[in-house]
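Written below as structure tokens is the structure these notes are about.
Bear in mind the structure is a predicted one, so any value in this text is a computation, not a measurement. The sequence lines fix the lettering, A, B, ..., with proteins before strands; numbering per chain opens at 1.
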Amino acid sequence: MGGREGTGGGVGRLSRPFDREILSGPVLTAARELLGAVLEVDGPRGTVAVALSEVEAYAGMVDPASHAYRGRTARNGVMFGPAGFLYVYFVYGMHWCCNVVCGPEDEASAVLLRAGRVVAGEELARARRPAARSTTELARGPARLASTLGLVGTDTGTDLLDPASAIRLLTGTRVPDAAVRHGPRVGVAVAADVPWRIWVDGDPTVSPYRPNTRRRRIPT
DNA sequence: CCATTGATCGTCT
DNA sequence: GACGATCAATGGT
């Protein structure tokens with residue numbers, strides 16, 4: 001993928017690529033295992049890495065909240081491929097959000113990366129996110145996480161498990177079962193009752209919960 | 001702390 | 001043409 005230069009910095013040499021077999025299995029299992037994993041991104045200004053503290057599972061074509069629910073489109077095509085690839089989409093006219101494609105090929109499941117802790121490249125992360133008032137806010141929420149890492153739509157399709165990629169998913173510190181919490185997904189208008197949001201209990205980098213608020217446009 | 005609201009545009013109906 | 005897998009600013013408790 002074009003545009004990114006490897007810098008060799010960050011935490012890469014301390015970790016290994018995440019296991020594609022785990023990502024290729026049931027999406028809920030993959031999501032749970034992604035807690036504590038590290039997403040490391042090289043860019044022209046340096047490397048930033050985030051350890052994941054909150055994720056959300058989307059179960060392909062059988063999940064009304066999934067981008068793949070109504071079948072393959074130009075936007076969601078990468079979701080129908082193998083696990084371990086990046087899917088970045090644009091929402092609300094201004095924000096990017098990142099997913100890792102999970103599950104067997106053609107199932108079109110994905111895990112939304114909702115929040116994490118910056119573990120490398122904090123200076124660059126702060127430059128990208130001047131509104132952040134604390135370190136824990138830098139990647140607290142899916143659009144903030146994408147922004148902190150500098151990820152945009154053209155990064156879609158990157159193989160996160162290829163050590164040569166500029167965007168890499170690495171093993172991190174395992175989160176023990178006792179610290180894993182589940183709850184309803186955030187901001188989704190349908191199937192919000194399914195407890196497929198998964199996070200690290202008590203972690204200050206986890207995003208605040210907001211139920212879906214679909215606001216009507218004011219008639220002119 | 002909590003609730004409300006404007007911003008802004010790609011995507012799919 | 002309507003609607004978001006959201007954020008930041010604002011104002012109240």
Side-chain angles (χ1 to χ4, degrees), chain A residues 23 27-28 30-32 34-35 39 50 52-80 83 85-103 107-116 118 125-157 181-199 202 204-220:
Chain A
L23 297 184
V27 64
L28 276 182
R32 183 260 176 271
L34 280 168
L35 290 181
L39 189 62
V50 160
L52 302 175
S53 61
E54 179 190 0
V55 298
E56 248 170 28
Y58 288 83
M61 300 187 71
V62 300
D63 178 359
S66 168
H67 284 182
Y69 183 57
R70 290 169 179 83
R72 187 174 192 146
T73 67
R75 174 175 69 159
N76 67 18
V78 70
M79 294 178 75
F80 290 78
F85 286 70
L86 184 66
Y87 168 48
V88 185
Y89 70 92
F90 190 60
V91 274
Y92 293 110
M94 64 198 89
H95 301 303
W96 297 101
C97 296
C98 314
N99 296 254
V100 177
V101 175
C102 289
E107 183 178 290
S109 290
V111 172
L112 172 68
L113 308 182
R114 284 203 55 90
V118 172
R126 282 192 170 274
R128 287 174 172 155
R129 299 214 38 76
R133 306 196 324 162
S134 67
T135 302
T136 57
E137 275 187 358
L138 287 169
R140 188 173 186 238
R144 291 166 169 177
L145 184 149
S147 166
T148 277
L149 293 172
L151 296 176
V152 295
T154 51
D155 295 313
T156 291
R181 306 267 289 168
H182 296 246
R185 294 183 289 193
V186 176
V188 304
V190 291
D193 51 314
V194 184
W196 286 353
R197 175 186 181 224
I198 304 175
W199 69 92
T205 66
V206 171
S207 70
Y209 175 71
R210 296 189 192 87
N212 175 257
T213 55
R214 186 148 39 175
R215 275 172 283 133
R216 290 199 55 181
R217 194 178 80 86
I218 300 162
T220 52

Handout entry: Base-contact (B) and sugar-phosphate-only (S) positions in nucleotides 8-13 of chain B, heavy-atom cut-off under 4.0 Å, - elsewhere
Key = BBSSSS
Practice task
Could you walk me through whether A:Leu112 and A:Tyr89 pass side chain to side chain contact (heavy atoms under 4.5 Å, CB included), step by step?
Solution key: CA-CA 10 Å; A:Leu112 172 68; A:Tyr89 70 92; 4.1 Å; yes
Exercise for the section: Report the C-alpha separation of A:Thr156 and A:Leu86 in whole Å, then their side-chain angles, then the decisive distance to 0.1 Å, and conclude whether the side chain to side chain contact (heavy atoms under 4.5 Å, CB included) test is met. Expected result: CA-CA 5 Å; A:Thr156 291; A:Leu86 184 66; 5.7 Å; no
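Relative orientation of the A:Trp96 and A:Phe90 rings is tilted, given thresholds of 30° and 60° on the angle between their planes.
Within a 6.0 Å sphere centred on CZ of A:Phe80, other residues, nucleotides and ligands contribute more than 12 heavy atoms. More than 12 heavy-atom neighbours from other residues, nucleotides or ligands sit within 6.0 angstrom of CZ on A:Arg126.
Nearest to the side-chain atoms of A:Met79 among the listed nucleotides C:dA5, C:dT6, C:dC7 stands C:dA5. Nearest to the side chain of A:Val188, among C:dT6, C:dA8, C:dA5, sits C:dA5.
Rounded to whole angstrom, the span from the CZ atom of A:Arg185 across to the C1' atom of C:dA5 amounts to 9 Å. Across the protein-nucleic acid pair, A:His95 atom NE2 and C:dC3 atom P stand 19 Å apart, rounded to whole Å. Rounded to an integer number of Å, the gap from CZ of A:Arg144 to P of C:dA9 is 10 Å. Regarding A:Leu151, its CG atom lies at a distance of 16 Å from the C1' atom of C:dA5, rounded to whole Å. Between the P atom of C:dC3 and the OH atom of A:Tyr89 lies a distance of 18 Å, rounded to the nearest Å. The CZ-P distance, from A:Arg210 to B:dC1, rounds to 12 Å in whole Å. A:Leu138 places its CG atom 11 Å from the P atom of C:dA8, with the value rounded to the nearest Å.
The cationic group of A:Arg185 lies under 6.0 Å from the six-membered ring centre of A:Tyr58 and within 45° of the ring axis, placing it in a cation-pi geometry.
Using a 4.0 Å heavy-atom distance criterion, A:Ala65 is classed as a base contact.
Using a 4.0 Å cut-off, no side-chain N or O of A:Arg140 falls inside it from OP1 or OP2 of C:dC7. Contact check, A:Arg129 against C:dC7: no side-chain N or O comes under 4.0 Å of OP1 or OP2.
Between A:Val55 and A:Arg114, the closest side-chain pair of non-hydrogen atoms is not below 4.5 Å.
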Completion exercise
Symbol by symbol from the 5' end, with Watson-Crick or G-U pairs under 3.5 Å, [ ] crossing and | another strand, DNA chain C is ||||.|||||||.
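Between A:Cys102 and A:Ala83 the shortest heavy-atom distance is CA-CB, 3.9 Å.
With A:Glu56 as reference, A:Val186 is the one residue of A:Leu113, A:Val186, A:Asn99, A:Val111 to meet the side chain to side chain contact (heavy atoms under 4.5 Å, CB included) rule.
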